[in-house]
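Working notes, structure below.
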Amino acid sequence: MNGQLVVQKFGGSSLAEAGRIRHVAGRIARARATGANLVVVVSAMGDTTDELLSLAAAITDDPNPRELDMLLATGEHQSATLVSMALHAQGVNAISLTGAQAGITTDASHGRARIANVEPRRVRAEIEQGNVVIVAGFQGQRLGSDAGGQPGETTTLGRGGSDTTAVALAAALGADRCQIFTDVRGIYTADPRLVEDARQLSVIGYEEMLELAQQGAQVMQVRAVELGWINGVEIEVLSSFEDAPGTLIREDPLVEQRNKVRGLAHDRNVAKVTLLAVPDRPGIARSVFAPLADAGINVDMIVQNVGHDGATDLSFTVPRAELPRAEKVLAPVVAEMGARGLSTDPTVAKVSIIGAGLHNAPGYAARMFGTLADAGVNIEMISTSEVRITCVIEEASLKAALDALHGAFELERPDPVDTEAALPRAG
Ligand code: ADP
Ligand code: ASP
Ligand code: MG
(Lines give C-alpha, C1' and ligand atoms only; values in the text may rest on other atoms or scores of the structure.)
(Ligands and ions follow the chains in the order given, each with its own letter.)
Protein backbone atom coordinates (compact mmCIF):
# COMPACT_ATOMS: atom_id res chain seq x y z
CA MET A 1 0.00 0.00 0.00
CA ASN A 2 3.07 2.20 -0.27
CA GLY A 3 2.03 5.78 -0.93
CA GLN A 4 -1.62 4.85 -1.36
CA LEU A 5 -4.22 7.07 0.21
CA VAL A 6 -6.68 5.03 2.22
CA VAL A 7 -9.80 6.27 4.02
CA GLN A 8 -10.87 4.00 6.87
CA LYS A 9 -13.98 4.34 9.02
CA PHE A 10 -14.55 2.65 12.38
CA GLY A 11 -18.09 2.38 13.78
CA GLY A 12 -19.26 2.83 17.35
CA SER A 13 -19.17 -0.80 18.43
CA SER A 14 -15.56 -1.05 17.20
CA LEU A 15 -14.67 1.81 19.59
CA ALA A 16 -16.96 0.96 22.51
CA GLU A 17 -14.29 1.04 25.24
CA ALA A 18 -10.61 1.84 25.77
CA GLY A 19 -9.45 -1.69 24.94
CA ARG A 20 -11.23 -1.60 21.59
CA ILE A 21 -9.82 1.84 20.84
CA ARG A 22 -6.33 0.47 21.43
CA HIS A 23 -7.15 -2.49 19.18
CA VAL A 24 -8.38 -0.15 16.41
CA ALA A 25 -5.23 1.95 16.81
CA GLY A 26 -3.20 -1.24 16.39
CA ARG A 27 -4.96 -1.94 13.08
CA ILE A 28 -4.37 1.61 11.91
CA ALA A 29 -0.69 1.38 12.92
CA ARG A 30 -0.31 -1.84 10.89
CA ALA A 31 -1.81 -0.21 7.81
CA ARG A 32 0.42 2.81 8.33
CA ALA A 33 3.48 0.56 8.57
CA THR A 34 2.81 -0.61 4.98
CA GLY A 35 3.48 2.97 3.88
CA ALA A 36 -0.14 3.98 3.27
CA ASN A 37 -1.33 7.51 3.98
CA LEU A 38 -4.38 7.26 6.17
CA VAL A 39 -7.47 9.32 6.88
CA VAL A 40 -9.51 7.65 9.60
CA VAL A 41 -13.15 8.57 10.25
CA VAL A 42 -14.58 7.59 13.62
CA SER A 43 -18.06 7.27 15.09
CA ALA A 44 -18.91 7.99 18.71
CA MET A 45 -17.99 5.27 21.22
CA GLY A 46 -20.59 2.49 21.63
CA ASP A 47 -24.03 3.87 22.47
CA THR A 48 -22.82 7.41 23.14
CA THR A 49 -25.12 9.03 20.56
CA ASP A 50 -28.17 7.27 22.06
CA GLU A 51 -27.08 8.29 25.55
CA LEU A 52 -26.67 11.93 24.52
CA LEU A 53 -30.11 11.85 22.91
CA SER A 54 -31.70 10.49 26.08
CA LEU A 55 -29.91 13.07 28.18
CA ALA A 56 -31.40 15.79 26.00
CA ALA A 57 -34.81 14.12 26.23
CA ALA A 58 -34.54 14.12 30.02
CA ILE A 59 -34.11 17.87 29.91
CA THR A 60 -36.79 18.75 27.36
CA ASP A 61 -39.08 17.00 24.89
CA ASP A 62 -38.37 19.69 22.31
CA PRO A 63 -34.61 20.29 22.24
CA ASN A 64 -33.36 23.17 20.13
CA PRO A 65 -31.95 21.59 16.94
CA ARG A 66 -28.82 23.75 16.96
CA GLU A 67 -28.02 22.85 20.57
CA LEU A 68 -28.78 19.17 19.92
CA ASP A 69 -26.24 19.09 17.08
CA MET A 70 -23.64 20.80 19.28
CA LEU A 71 -24.28 18.07 21.86
CA LEU A 72 -24.26 15.09 19.48
CA ALA A 73 -21.07 16.23 17.73
CA THR A 74 -19.18 15.87 21.03
CA GLY A 75 -19.55 12.07 20.83
CA GLU A 76 -17.35 11.93 17.74
CA HIS A 77 -14.97 14.56 19.16
CA GLN A 78 -14.31 12.23 22.09
CA SER A 79 -13.53 9.16 20.04
CA ALA A 80 -11.38 11.06 17.52
CA THR A 81 -9.13 12.45 20.24
CA LEU A 82 -8.87 9.06 21.98
CA VAL A 83 -7.94 7.21 18.79
CA SER A 84 -5.33 9.86 18.10
CA MET A 85 -3.88 9.48 21.62
CA ALA A 86 -3.88 5.68 21.26
CA LEU A 87 -1.83 6.07 18.07
CA HIS A 88 0.62 8.41 19.80
CA ALA A 89 1.01 5.76 22.51
CA GLN A 90 1.98 3.29 19.76
CA GLY A 91 4.52 5.70 18.31
CA VAL A 92 2.42 6.76 15.31
CA ASN A 93 2.08 10.44 14.42
CA ALA A 94 -1.59 11.40 14.35
CA ILE A 95 -3.89 14.38 14.75
CA SER A 96 -7.64 14.56 15.32
CA LEU A 97 -9.86 17.04 13.46
CA THR A 98 -13.52 17.99 13.82
CA GLY A 99 -15.71 17.72 10.72
CA ALA A 100 -15.41 21.50 10.27
CA GLN A 101 -11.62 21.41 10.54
CA ALA A 102 -11.62 18.64 7.94
CA GLY A 103 -13.41 21.04 5.57
CA ILE A 104 -16.85 19.42 5.54
CA THR A 105 -19.63 21.91 4.89
CA THR A 106 -23.33 21.10 4.84
CA ASP A 107 -26.75 22.58 4.28
CA ALA A 108 -28.72 24.01 7.21
CA SER A 109 -30.89 21.02 8.17
CA HIS A 110 -29.80 20.34 11.72
CA GLY A 111 -29.97 16.66 12.61
CA ARG A 112 -30.06 15.46 9.02
CA ALA A 113 -27.73 17.80 7.16
CA ARG A 114 -26.48 16.93 3.70
CA ILE A 115 -22.85 17.48 2.81
CA ALA A 116 -22.60 20.43 0.42
CA ASN A 117 -18.85 20.45 -0.12
CA VAL A 118 -15.61 18.97 1.15
CA GLU A 119 -12.50 21.16 1.01
CA PRO A 120 -9.85 18.91 2.55
CA ARG A 121 -6.93 21.37 2.51
CA ARG A 122 -6.10 20.87 6.16
CA VAL A 123 -6.40 17.09 5.80
CA ARG A 124 -3.91 17.13 2.92
CA ALA A 125 -1.53 19.38 4.84
CA GLU A 126 -1.57 17.03 7.85
CA ILE A 127 -0.91 14.03 5.60
CA GLU A 128 2.04 15.94 4.12
CA GLN A 129 3.31 16.44 7.68
CA GLY A 130 3.31 12.66 8.12
CA ASN A 131 0.24 12.48 10.31
CA VAL A 132 -2.52 9.90 10.31
CA VAL A 133 -5.56 12.18 10.21
CA ILE A 134 -8.42 11.18 12.50
CA VAL A 135 -11.68 12.89 11.48
CA ALA A 136 -14.74 13.08 13.73
CA GLY A 137 -17.53 11.53 11.63
CA PHE A 138 -21.23 12.42 11.37
CA GLN A 139 -20.77 16.21 11.35
CA GLY A 140 -19.92 19.31 9.42
CA GLN A 141 -20.49 23.05 9.58
CA ARG A 142 -23.24 24.85 7.79
CA LEU A 143 -22.13 26.69 4.77
CA GLY A 144 -24.34 29.71 4.41
CA SER A 145 -26.65 31.82 6.49
CA ASP A 146 -29.69 30.36 4.68
CA ALA A 147 -32.83 29.72 6.75
CA GLY A 148 -31.85 32.64 8.93
CA GLY A 149 -29.05 30.98 10.90
CA GLN A 150 -25.36 31.72 11.20
CA PRO A 151 -22.79 30.20 8.86
CA GLY A 152 -20.24 28.01 10.59
CA GLU A 153 -22.73 26.33 12.95
CA THR A 154 -22.13 22.67 13.73
CA THR A 155 -24.49 20.26 11.98
CA THR A 156 -24.91 16.47 12.12
CA LEU A 157 -25.61 14.16 9.21
CA GLY A 158 -28.30 11.84 10.61
CA ARG A 159 -27.92 8.42 12.25
CA GLY A 160 -25.13 6.40 10.72
CA GLY A 161 -23.68 9.58 9.23
CA SER A 162 -20.02 8.65 9.79
CA ASP A 163 -20.30 6.29 6.81
CA THR A 164 -21.15 9.34 4.71
CA THR A 165 -18.25 11.36 6.11
CA ALA A 166 -15.90 8.56 5.05
CA VAL A 167 -17.24 8.20 1.51
CA ALA A 168 -17.37 11.98 0.99
CA LEU A 169 -13.74 12.34 2.11
CA ALA A 170 -12.68 9.42 -0.09
CA ALA A 171 -14.33 11.12 -3.08
CA ALA A 172 -12.89 14.56 -2.33
CA LEU A 173 -9.37 13.22 -1.75
CA GLY A 174 -9.49 10.83 -4.71
CA ALA A 175 -8.52 8.07 -2.25
CA ASP A 176 -7.27 4.74 -3.56
CA ARG A 177 -9.46 2.80 -1.12
CA CYS A 178 -12.42 3.45 1.17
CA GLN A 179 -12.83 0.91 3.95
CA ILE A 180 -15.77 0.77 6.36
CA PHE A 181 -14.82 -1.33 9.39
CA THR A 182 -17.78 -2.58 11.40
CA ASP A 183 -18.92 -5.37 13.73
CA VAL A 184 -19.81 -7.89 10.98
CA ARG A 185 -17.65 -9.21 8.14
CA GLY A 186 -19.43 -7.36 5.37
CA ILE A 187 -22.79 -7.18 3.63
CA TYR A 188 -24.95 -10.27 4.03
CA THR A 189 -28.10 -11.56 2.30
CA ALA A 190 -30.00 -10.50 5.45
CA ASP A 191 -29.10 -9.06 8.86
CA PRO A 192 -26.72 -11.74 10.19
CA ARG A 193 -27.75 -10.92 13.75
CA LEU A 194 -31.30 -12.02 13.02
CA VAL A 195 -31.04 -14.63 10.26
CA GLU A 196 -28.59 -17.43 11.11
CA ASP A 197 -28.47 -18.62 7.47
CA ALA A 198 -27.50 -15.19 6.11
CA ARG A 199 -24.61 -15.47 3.65
CA GLN A 200 -21.90 -12.88 3.13
CA LEU A 201 -21.73 -11.38 -0.36
CA SER A 202 -18.34 -10.74 -1.94
CA VAL A 203 -19.71 -7.96 -4.16
CA ILE A 204 -22.93 -5.94 -4.26
CA GLY A 205 -23.88 -3.28 -6.79
CA TYR A 206 -24.64 0.28 -5.72
CA GLU A 207 -28.30 0.06 -6.72
CA GLU A 208 -29.01 -3.05 -4.67
CA MET A 209 -27.01 -1.74 -1.69
CA LEU A 210 -28.89 1.55 -1.83
CA GLU A 211 -32.21 -0.27 -1.72
CA LEU A 212 -31.07 -2.51 1.17
CA ALA A 213 -30.00 0.59 3.10
CA GLN A 214 -33.22 2.45 2.32
CA GLN A 215 -35.28 -0.50 3.50
CA GLY A 216 -33.57 -0.67 6.87
CA ALA A 217 -30.20 -2.49 6.63
CA GLN A 218 -28.37 -0.01 8.85
CA VAL A 219 -24.92 -1.36 7.98
CA MET A 220 -24.42 1.58 5.55
CA GLN A 221 -26.09 4.99 5.68
CA VAL A 222 -28.22 5.58 2.56
CA ARG A 223 -26.46 8.83 1.71
CA ALA A 224 -23.04 7.14 1.87
CA VAL A 225 -24.10 4.64 -0.80
CA GLU A 226 -25.53 7.45 -2.96
CA LEU A 227 -22.30 9.43 -2.72
CA GLY A 228 -20.26 6.34 -3.51
CA TRP A 229 -22.40 5.66 -6.57
CA ILE A 230 -22.33 9.23 -7.87
CA ASN A 231 -18.55 9.56 -7.40
CA GLY A 232 -17.59 6.02 -8.37
CA VAL A 233 -16.03 5.30 -4.95
CA GLU A 234 -15.60 1.57 -4.38
CA ILE A 235 -16.54 0.88 -0.76
CA GLU A 236 -15.15 -2.10 1.16
CA VAL A 237 -17.17 -3.18 4.20
CA LEU A 238 -15.20 -5.39 6.58
CA SER A 239 -14.80 -6.53 10.17
CA SER A 240 -12.80 -4.46 12.62
CA PHE A 241 -12.41 -7.50 14.89
CA GLU A 242 -10.96 -10.10 12.53
CA ASP A 243 -8.84 -10.23 9.40
CA ALA A 244 -11.34 -11.61 6.92
CA PRO A 245 -12.32 -10.67 3.37
CA GLY A 246 -15.15 -8.16 3.35
CA THR A 247 -17.73 -7.07 0.77
CA LEU A 248 -17.12 -4.67 -2.10
CA ILE A 249 -19.84 -2.18 -2.96
CA ARG A 250 -19.28 -1.14 -6.55
CA GLU A 251 -20.74 -1.22 -10.05
CA ASP A 252 -21.71 -4.86 -10.51
CA PRO A 253 -21.34 -5.96 -14.14
CA LEU A 254 -22.71 -9.42 -13.34
CA VAL A 255 -25.99 -8.11 -11.99
CA GLU A 256 -28.06 -9.54 -14.84
CA GLN A 257 -26.74 -13.05 -14.29
CA ARG A 258 -27.31 -13.19 -10.57
CA ASN A 259 -30.10 -14.57 -8.47
CA LYS A 260 -32.98 -12.20 -8.97
CA VAL A 261 -33.42 -11.77 -5.22
CA ARG A 262 -30.12 -10.62 -3.79
CA GLY A 263 -31.05 -9.94 -0.19
CA LEU A 264 -33.68 -9.17 2.43
CA ALA A 265 -34.01 -6.03 4.49
CA HIS A 266 -36.19 -5.31 7.46
CA ASP A 267 -37.17 -2.22 9.39
CA ARG A 268 -38.75 -2.05 12.85
CA ASN A 269 -38.75 1.70 12.90
CA VAL A 270 -42.28 1.83 11.49
CA ALA A 271 -45.75 2.60 12.76
CA LYS A 272 -49.04 2.27 10.91
CA VAL A 273 -51.67 4.98 10.95
CA THR A 274 -55.25 4.45 9.74
CA LEU A 275 -57.85 7.16 9.27
CA LEU A 276 -61.25 5.48 9.53
CA ALA A 277 -64.20 6.29 7.29
CA VAL A 278 -62.71 9.31 5.63
CA PRO A 279 -65.14 11.12 3.28
CA ASP A 280 -64.37 10.05 -0.30
CA ARG A 281 -63.97 13.39 -2.10
CA PRO A 282 -61.29 15.40 -3.91
CA GLY A 283 -58.78 17.19 -1.70
CA ILE A 284 -58.93 14.76 1.20
CA ALA A 285 -55.47 13.27 0.61
CA ARG A 286 -54.00 16.76 0.52
CA SER A 287 -55.64 17.75 3.76
CA VAL A 288 -54.10 14.69 5.43
CA PHE A 289 -50.62 14.71 3.94
CA ALA A 290 -49.90 18.43 3.62
CA PRO A 291 -49.90 19.03 7.42
CA LEU A 292 -47.71 15.95 7.92
CA ALA A 293 -45.25 17.25 5.33
CA ASP A 294 -45.28 20.70 6.96
CA ALA A 295 -44.36 19.03 10.26
CA GLY A 296 -41.43 17.28 8.52
CA ILE A 297 -42.93 13.81 9.06
CA ASN A 298 -41.89 11.31 6.43
CA VAL A 299 -44.85 9.28 5.14
CA ASP A 300 -43.94 6.04 3.44
CA MET A 301 -46.43 3.42 2.28
CA ILE A 302 -49.94 4.70 1.54
CA VAL A 303 -52.98 2.52 0.96
CA GLN A 304 -56.46 3.84 0.29
CA ASN A 305 -59.12 1.17 0.51
CA VAL A 306 -62.13 0.87 -1.76
CA GLY A 307 -64.78 3.35 -0.69
CA HIS A 308 -68.19 2.31 0.68
CA ASP A 309 -71.10 4.70 1.16
CA GLY A 310 -68.95 7.70 0.31
CA ALA A 311 -66.27 6.90 2.89
CA THR A 312 -62.96 5.08 2.76
CA ASP A 313 -60.18 3.99 5.11
CA LEU A 314 -56.75 5.55 4.51
CA SER A 315 -53.64 3.83 5.91
CA PHE A 316 -49.97 4.79 5.78
CA THR A 317 -46.73 4.30 7.66
CA VAL A 318 -44.53 6.82 9.47
CA PRO A 319 -41.23 6.34 11.36
CA ARG A 320 -42.11 4.91 14.79
CA ALA A 321 -40.46 7.76 16.64
CA GLU A 322 -42.66 10.24 14.76
CA LEU A 323 -45.96 8.57 15.71
CA PRO A 324 -46.79 10.82 18.70
CA ARG A 325 -46.18 13.91 16.56
CA ALA A 326 -48.21 12.46 13.68
CA GLU A 327 -51.13 11.82 16.06
CA LYS A 328 -50.95 15.38 17.32
CA VAL A 329 -50.92 16.80 13.77
CA LEU A 330 -53.78 14.57 12.59
CA ALA A 331 -56.22 14.96 15.50
CA PRO A 332 -57.63 18.31 14.30
CA VAL A 333 -57.59 17.12 10.67
CA VAL A 334 -59.73 14.08 11.50
CA ALA A 335 -62.22 16.21 13.40
CA GLU A 336 -62.43 18.81 10.66
CA MET A 337 -63.04 16.37 7.80
CA GLY A 338 -65.58 14.36 9.78
CA ALA A 339 -63.75 11.03 9.62
CA ARG A 340 -64.79 8.36 12.13
CA GLY A 341 -61.43 8.31 13.90
CA LEU A 342 -57.75 7.53 13.93
CA SER A 343 -56.20 4.19 14.79
CA THR A 344 -52.48 3.55 15.14
CA ASP A 345 -50.28 0.49 15.47
CA PRO A 346 -46.64 0.95 16.57
CA THR A 347 -45.91 -2.80 16.53
CA VAL A 348 -45.52 -3.38 12.80
CA ALA A 349 -42.37 -3.96 10.76
CA LYS A 350 -41.41 -3.90 7.10
CA VAL A 351 -39.79 -6.80 5.31
CA SER A 352 -38.43 -6.42 1.78
CA ILE A 353 -36.99 -8.65 -0.92
CA ILE A 354 -34.45 -6.80 -3.03
CA GLY A 355 -32.82 -7.50 -6.38
CA ALA A 356 -31.97 -5.46 -9.44
CA GLY A 357 -33.63 -8.01 -11.72
CA LEU A 358 -37.02 -8.21 -10.00
CA HIS A 359 -38.91 -5.94 -12.37
CA ASN A 360 -38.55 -8.12 -15.43
CA ALA A 361 -39.05 -11.38 -13.63
CA PRO A 362 -42.72 -12.16 -13.02
CA GLY A 363 -43.78 -14.39 -10.17
CA TYR A 364 -41.62 -13.01 -7.39
CA ALA A 365 -44.45 -11.15 -5.71
CA ALA A 366 -46.65 -14.24 -5.71
CA ARG A 367 -43.79 -16.29 -4.28
CA MET A 368 -43.18 -13.75 -1.54
CA PHE A 369 -46.85 -13.57 -0.56
CA GLY A 370 -47.22 -17.38 -0.72
CA THR A 371 -44.15 -17.86 1.48
CA LEU A 372 -45.46 -15.44 4.09
CA ALA A 373 -48.89 -17.12 4.01
CA ASP A 374 -47.34 -20.58 4.52
CA ALA A 375 -45.39 -19.18 7.47
CA GLY A 376 -48.66 -17.90 8.97
CA VAL A 377 -47.64 -14.25 8.54
CA ASN A 378 -50.42 -11.80 7.75
CA ILE A 379 -49.60 -9.05 5.23
CA GLU A 380 -51.03 -5.67 6.22
CA MET A 381 -49.70 -3.47 3.42
CA ILE A 382 -47.68 -3.97 0.23
CA SER A 383 -45.54 -1.68 -1.90
CA THR A 384 -43.23 -2.37 -4.82
CA SER A 385 -40.52 -0.67 -6.87
CA GLU A 386 -38.45 -1.92 -9.79
CA VAL A 387 -35.94 -3.49 -7.44
CA ARG A 388 -37.96 -4.44 -4.38
CA ILE A 389 -41.20 -5.74 -2.91
CA THR A 390 -42.04 -4.65 0.64
CA CYS A 391 -44.70 -5.98 3.02
CA VAL A 392 -45.81 -4.49 6.31
CA ILE A 393 -46.38 -7.25 8.87
CA GLU A 394 -46.79 -7.62 12.61
CA GLU A 395 -43.43 -7.07 14.30
CA ALA A 396 -43.76 -10.27 16.30
CA SER A 397 -43.69 -12.28 13.03
CA LEU A 398 -40.57 -10.60 11.66
CA LYS A 399 -38.05 -13.33 12.43
CA ALA A 400 -40.34 -16.06 11.06
CA ALA A 401 -40.94 -14.00 7.91
CA LEU A 402 -37.23 -13.39 7.29
CA ASP A 403 -36.30 -17.05 7.84
CA ALA A 404 -39.07 -18.25 5.54
CA LEU A 405 -38.18 -15.78 2.76
CA HIS A 406 -34.46 -16.49 3.07
CA GLY A 407 -35.18 -20.17 2.53
CA ALA A 408 -37.78 -19.71 -0.22
CA PHE A 409 -35.47 -17.56 -2.34
CA GLU A 410 -32.48 -19.88 -1.65
CA LEU A 411 -30.36 -17.01 -0.42
CA GLU A 412 -28.10 -19.29 1.62
CA ARG A 413 -26.84 -20.87 -1.63
CA PRO A 414 -23.77 -19.15 -3.16
CA ASP A 415 -24.42 -17.33 -6.38
CA PRO A 416 -22.91 -19.41 -9.23
CA VAL A 417 -21.48 -16.35 -10.99
CA ASP A 418 -19.33 -15.33 -8.01
CA THR A 419 -15.70 -16.18 -8.66
CA GLU A 420 -12.50 -15.80 -6.69
CA ALA A 421 -11.67 -12.81 -8.86
CA ALA A 422 -14.67 -10.99 -7.47
CA LEU A 423 -13.43 -11.25 -3.89
CA PRO A 424 -12.07 -8.06 -2.38
CA ARG A 425 -8.43 -7.64 -1.49
CA ALA A 426 -7.69 -8.63 2.11
CA GLY A 427 -7.84 -5.67 4.54
P1 ADP B 1 -21.27 0.61 13.02
O2 ADP B 1 -21.37 0.89 14.48
O3 ADP B 1 -19.99 -0.06 12.65
O4 ADP B 1 -21.60 1.78 12.14
P5 ADP B 1 -23.92 -0.45 12.52
O6 ADP B 1 -24.59 -1.01 13.75
O7 ADP B 1 -24.35 0.88 12.06
O8 ADP B 1 -22.35 -0.53 12.74
O9 ADP B 1 -24.10 -1.47 11.30
C10 ADP B 1 -23.71 -2.82 11.45
C11 ADP B 1 -24.93 -3.69 11.73
O12 ADP B 1 -25.77 -3.70 10.59
C13 ADP B 1 -24.61 -5.17 11.93
O14 ADP B 1 -24.27 -5.43 13.27
C15 ADP B 1 -25.90 -5.86 11.49
O16 ADP B 1 -26.68 -6.25 12.59
C17 ADP B 1 -26.66 -4.79 10.72
N18 ADP B 1 -27.12 -5.25 9.40
C19 ADP B 1 -28.39 -5.14 8.94
N20 ADP B 1 -28.50 -5.66 7.72
C21 ADP B 1 -27.29 -6.13 7.37
C22 ADP B 1 -26.77 -6.78 6.20
N23 ADP B 1 -27.55 -7.07 5.14
N24 ADP B 1 -25.46 -7.11 6.18
C25 ADP B 1 -24.66 -6.82 7.24
N26 ADP B 1 -25.09 -6.21 8.38
C27 ADP B 1 -26.39 -5.86 8.44
N1 ASP C 1 -22.68 8.29 16.12
C2 ASP C 1 -23.66 8.46 15.08
C3 ASP C 1 -24.80 7.48 15.28
O4 ASP C 1 -24.79 6.73 16.24
C5 ASP C 1 -23.07 8.36 13.69
C6 ASP C 1 -22.49 7.02 13.31
O7 ASP C 1 -22.31 6.14 14.15
O8 ASP C 1 -22.23 6.84 12.12
O9 ASP C 1 -25.71 7.46 14.50
MG1 MG D 1 -23.38 2.62 11.38
Side-chain angles (χ1 to χ4, degrees), residues 8-16 20 24 41-54 68-69 71-80 99 111-113 115 135-140 155-168 179-204 208-225 235-241 244 246-249 261-269 349-355 398-399 402 405-406 411:
Q8 301 188 324
K9 177 254 168 179
F10 291 90
S13 46
S14 313
L15 301 163
R20 290 197 182 173
V24 162
V41 175
V42 293
S43 293
M45 293 171 67
D47 297 328
T48 301
T49 306
D50 288 327
E51 286 159 10
L52 293 172
L53 283 168
S54 22
L68 193 58
D69 271 357
L71 177 68
L72 294 185
T74 63
E76 271 69 12
H77 293 172
Q78 269 185 7
S79 50
R112 51 168 181 226
I115 294 180
V135 179
F138 171 61
Q139 57 182 273
T155 49
T156 64
L157 308 180
R159 300 309 304 265
S162 299
D163 300 330
T164 302
T165 304
V167 176
Q179 302 180 307
I180 307 289
F181 288 93
T182 183
D183 59 0
V184 290
R185 283 185 172 186
I187 309 298
Y188 287 69
T189 49
D191 187 339
R193 297 198 185 284
L194 209 57
V195 180
E196 291 81 17
D197 289 341
R199 178 174 56 84
Q200 190 190 341
L201 302 169
S202 54
V203 175
I204 184 163
E208 290 176 328
M209 187 64 231
L210 188 60
E211 202 66 39
L212 278 173
Q214 267 162 350
Q215 297 312 316
Q218 96 254 32
V219 57
M220 285 293 293
Q221 202 197 30
V222 170
R223 185 70 186 137
V225 184
I235 305 166
E236 278 176 77
V237 180
L238 59 180
S239 167
S240 60
F241 301 122
T247 300
L248 268 187
I249 304 170
V261 177
R262 196 79 165 116
L264 310 179
H266 72 272
D267 195 350
R268 297 175 196 271
N269 179 23
K350 287 197 296 185
V351 57
S352 304
I353 62 172
I354 287 159
L398 183 59
K399 165 90 174 115
L402 287 167
L405 292 169
H406 204 271
L411 291 172

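Side chains included, hydrogens not; waters and symmetry mates left out as well; all remaining heavy atoms used. Note that ligands are numbered from 1 as they come in the structure, with each ligand's atoms numbered from 1 the same way.
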So is Gly160 close enough to ligand 1, meaning a heavy atom under 4.0 angstrom away?
no
4.0 Å heavy-atom contact, Pro192 with ligand 1
yes
Minimum side-chain heavy-atom gap Gln214-Glu211 below 4.5 Å:
yes
What one should report as the nearest heavy-atom pair of Gly246 and Leu238 is CA-CB, 3.9 Å
Taking only non-hydrogen atoms of Arg193 and a 4.0 Å limit, the atoms of ligand 1 in range are 13 (C), 14 (O), 16 (O)
Just need the protein heavy atom nearest to atom 9 (O) of ligand 1, so name the residue and atom and give the distance.
Val219 CA, 3.4 Å
Can you tell if the side chain of Arg262 reaches within under 4.5 Å of the side chain of Leu201, non-hydrogen atoms only?
yes
Criterion side-chain contact (heavy atoms from CB on, under 4.5 Å) against Ile235, the qualifying member of Thr247, Ile180, Leu248:
Ile180
Presence of salt bridge, Glu236 and Lys9, under 4.0 angstrom:
no
Looking only at protein heavy atoms, what sits closest to atom 15 (C) of ligand 1 is Asp191 OD1, 3.3 Å
His266: which residues meet the side chain to side chain donor-acceptor pair (under 3.5 Å) condition with it, sequence neighbours left out?
none
Tell me: protein heavy atom nearest atom 25 (C) of ligand 1, and distance?
Gly186 O, 3.2 Å
Which residue owns the protein heavy atom closest to atom 2 (O) of ligand 1, what's the atom, and how far is it?
Gly12 N, 3.2 Å
Side-chain donor/acceptor of Ser240 to backbone N/O of Phe181, under 3.5 Å
no
Tell me which protein heavy atom sits closest to atom 7 (O) of ligand 1, plus the residue, atom name and distance to 0.1 Å.
Gln218 O, 3.5 Å
Using a 4.0 angstrom limit on heavy atoms, which residues are close to ligand 2?
Ser43, Ala44, Thr49, Glu76, Phe138, Arg159, Gly160, Gly161, Ser162
Counting C-beta onward and ignoring hydrogens, is there a side-chain heavy-atom pair between Leu15 and Arg20 closer than 4.5 Å?
no
Within a distance under 4.0 Å of any heavy atom of Ala190, pick out the atoms of ligand 1 and give their elements.
22 (C), 23 (N)
Quick one: look up the protein heavy atom nearest atom 13 (C) of ligand 1 and list residue, atom name and how far away it is.
Asp183 OD1, 3.4 Å
Full working for salt bridge (Lys or Arg N to Asp or Glu O under 4.0 Å) between Asp69 and Arg112
CA-CA 10 Å; Asp69 271 357; Arg112 51 168 181 226; over 6 Å; no
Any N/O pair Asp163/ligand 1 closer than 3.5 Å
no
Answer yes or no: is there a side-chain heavy-atom contact under 4.5 Å between Met209 and Ile354?
no
I'd like to know if the side chain of Asp163 reaches the main chain of Gln221, judged simply by a donor and an acceptor atom lying under 3.5 Å from each other, with no hydrogens or angles considered.
yes
Per the side-chain contact (heavy atoms from CB on, under 4.5 Å) rule, which among Thr182, Val24, Asp183 passes with Phe241?
Asp183
Looking only at protein heavy atoms, which one is nearest to atom 4 (O) of ligand 1, and how far off is it?
Lys9 NZ, 3.1 Å
Contact atoms of ligand 1, heavy-atom distance to Ile187 under 4.0 Å:
24 (N)
Short side-chain donor-acceptor distance under 3.5 Å, Thr156 and Gln139
no
among protein heavy atoms, the one nearest atom 3 (O) of ligand 1 is Thr182 OG1, 2.7 Å
Ser13: numbered ligand 1 atoms lying under 4.0 Å from its heavy atoms
2 (O)
